[in-house]
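Sequence lines set the chain letters: A, B, ... in the order given, protein chains first and strands last, and positions in each chain run from 1.
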2 protein chains.
Amino acid sequence: MNNKEKLRKAGLRPTKQRMIIADILLDGINRHFTAENLQNEINSSGNSMSIATIYNCLKKFRNCGLIKQVESSKDTAIFDTNINQHHHFLDEETGELIDIENDEVNLHKLPKIPQGYLNNGVEVLIKIKKQV
Amino acid sequence: MNNKEKLRKAGLRPTKQRMIIADILLDGINRHFTAENLQNEINSSGNSMSIATIYNCLKKFRNCGLIKQVESSKDTAIFDTNINQHHHFLDEETGELIDIENDEVNLHKLPKIPQGYLNNGVEVLIKIKKQV
DNA sequence: AAGTAGTTTAGAACGATTTTAAAGTAAAAA
DNA sequence: TTTTTACTTTAAAATCGTTCTAAACTACTT
Ligand SMILES: [Mn+2]
Ligand SMILES: [Mn+2]
Ligand SMILES: [Zn+2]
Ligand SMILES: [Zn+2]
């Protein structure tokens, strides 16, 4: 399925801008990135785009499940092209995230989900720091 | 150990403002809160404090390990008085966090820590959503 | 082709957080 | 105790990521 079809299937009009972003993000290589990172990639690819459009687009892509947003205590939103359930290493010093595939973690015992709620995904974060 | 001693031990001068905050946060009851939540509690206690001081203080407390900051994709920082290693349920709709004690989770299989790094803490986040 | 609903954009606005710089306070030195 | 020093608090301004506004544009439908 090409990117135009992916956008259509997600219910999004394949505009020029969304195609530019899809071509960058949906190339099968997983990455963690900010809106500014993406704008730099867009610029490097010889295109340009308003930051408002980039935010609009990332929000749409996220809400359609084409990308994810990572939980982060940094003040800049971090997005993730790996939409499979997976986990992360986090170097808190640098903010660097490294993917951990789902089958590399095994949760043996899980607490009971609170009354009236459903489990909607489990994420493991392993904080790491550089060895001295 | 009283709060004045706790601050001294953490290397912080026990100023009037830090004592007011310590009296609210270090009462043994665990909570998740924002800077604004804390300012409201300070006001309710008959005191008042500049928001800059509240941020200064929260940063110092966090860096000293008296409180933690939670990983969150919301744009407002969320702090946690539970400084033990523990986990969370997160209702993504409301942002509500519920503590999971460390012994309620058992990680059977963990990936190898990347070369040159040390494990610096594991956090499990269980996203939950209200049952329909 | 014409209509319409959705999209892009520059720039303004917003909200959380940090910075500034001056006044105040706690601890150390005398 | 007084003096000195470094640290802290504050209001206000600045900063920065993100969202909003409203006008121009474009994709899709009729
Ligand atoms: Mn965040
Ligand atoms: Mn912000
Ligand atoms: Zn990832
Ligand atoms: Zn907690």
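- Annotation: of the two residues near DNA chain C, A/Ile51 and B/Phe79, the 5′-most nearest-nucleotide partner is A/Ile51.
- In this structure, CG of A/Asn47 is placed 13 Å from P of C/dT8, rounded to the nearest angstrom.
- The distance between atom NZ of A/Lys59 and atom P of D/dG17, rounded to the nearest whole Å, is 17 Å.
- The interatomic distance linking A/Arg8 (CZ) with C/dT7 (C1') rounds to 15 Å, in whole Å.
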Salt bridge (Lys or Arg N to Asp or Glu O under 4.0 Å) between A/Glu41 and A/Arg31, intermediate numbers included | CA-CA 12 Å; A/Glu41 284 205 65; A/Arg31 66 188 84 191; 3.0 Å; yes
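- At the heavy-atom level, A/Thr15 lies under 4.0 Å from the strands shown only through sugar-phosphate atoms.
- Between A/His86 and A/Asn30, the side chains place no donor N or O within less than 3.5 Å of an acceptor N or O (distance only, hydrogens not considered).
- Between A/Lys74 atom NZ and C/dT18 atom C1' the separation is 16 Å, expressed in whole Å.
- Counting only heavy atoms from C-beta on, B/Arg13 has its side chain closest to C/dA26 among D/dC28, D/dT10, C/dA26.
- Atoms CG (A/Leu7) and P (C/dT8) sit 10 Å apart, rounded to a whole Å.
- Under the 3.5 Å distance criterion, the side-chain polar atoms of B/Lys109 are left unmatched by any main-chain donor or acceptor of A/His108.
- Here the side chains of A/Ile29 and A/Thr81 are not in contact, with every heavy-atom distance at 4.5 Å or above.
- To the nearest angstrom, P of C/dT7 lies 16 Å from NZ of A/Lys16.
- When the side-chain nitrogen and oxygen atoms of A/Gln17 are compared with OP1 and OP2 of C/dT9, one or more of them lie within a distance under 4.0 Å.
- Nearest-nucleotide positions on DNA chain D for A/Ala52 and B/Arg18 put B/Arg18 closer to the 5' end.
- B/Thr76 comes within contact range of the sugar-phosphate backbone alone, with a heavy-atom separation under 4.0 Å but no base atom that close.
- Place A/Cys57 and B/Ala35 on DNA chain C by their nearest nucleotides, and A/Cys57 ends up nearer the 5' end.
- If you measure from atom CD1 of B/Ile20 to atom C1' of D/dT8, you get 13 Å, rounded to the nearest angstrom.
- Checking the phosphate oxygens (OP1, OP2) of D/dC7, no side-chain nitrogen or oxygen of B/Lys60 falls inside 4.0 Å.
- Contact of the A/Asp99 side chain with the A/Glu104 side chain is not registered, since no non-hydrogen atoms from C-beta on lie closer than 4.5 Å.
- Relative to the side chain of A/Thr53, the nucleotides C/dT18, C/dT8, C/dA10 differ in distance, and C/dT8 lies closest.
- Per the geometry, CD1 belonging to A/Ile42 stands 13 Å off C1' belonging to C/dT8, to the nearest Å.
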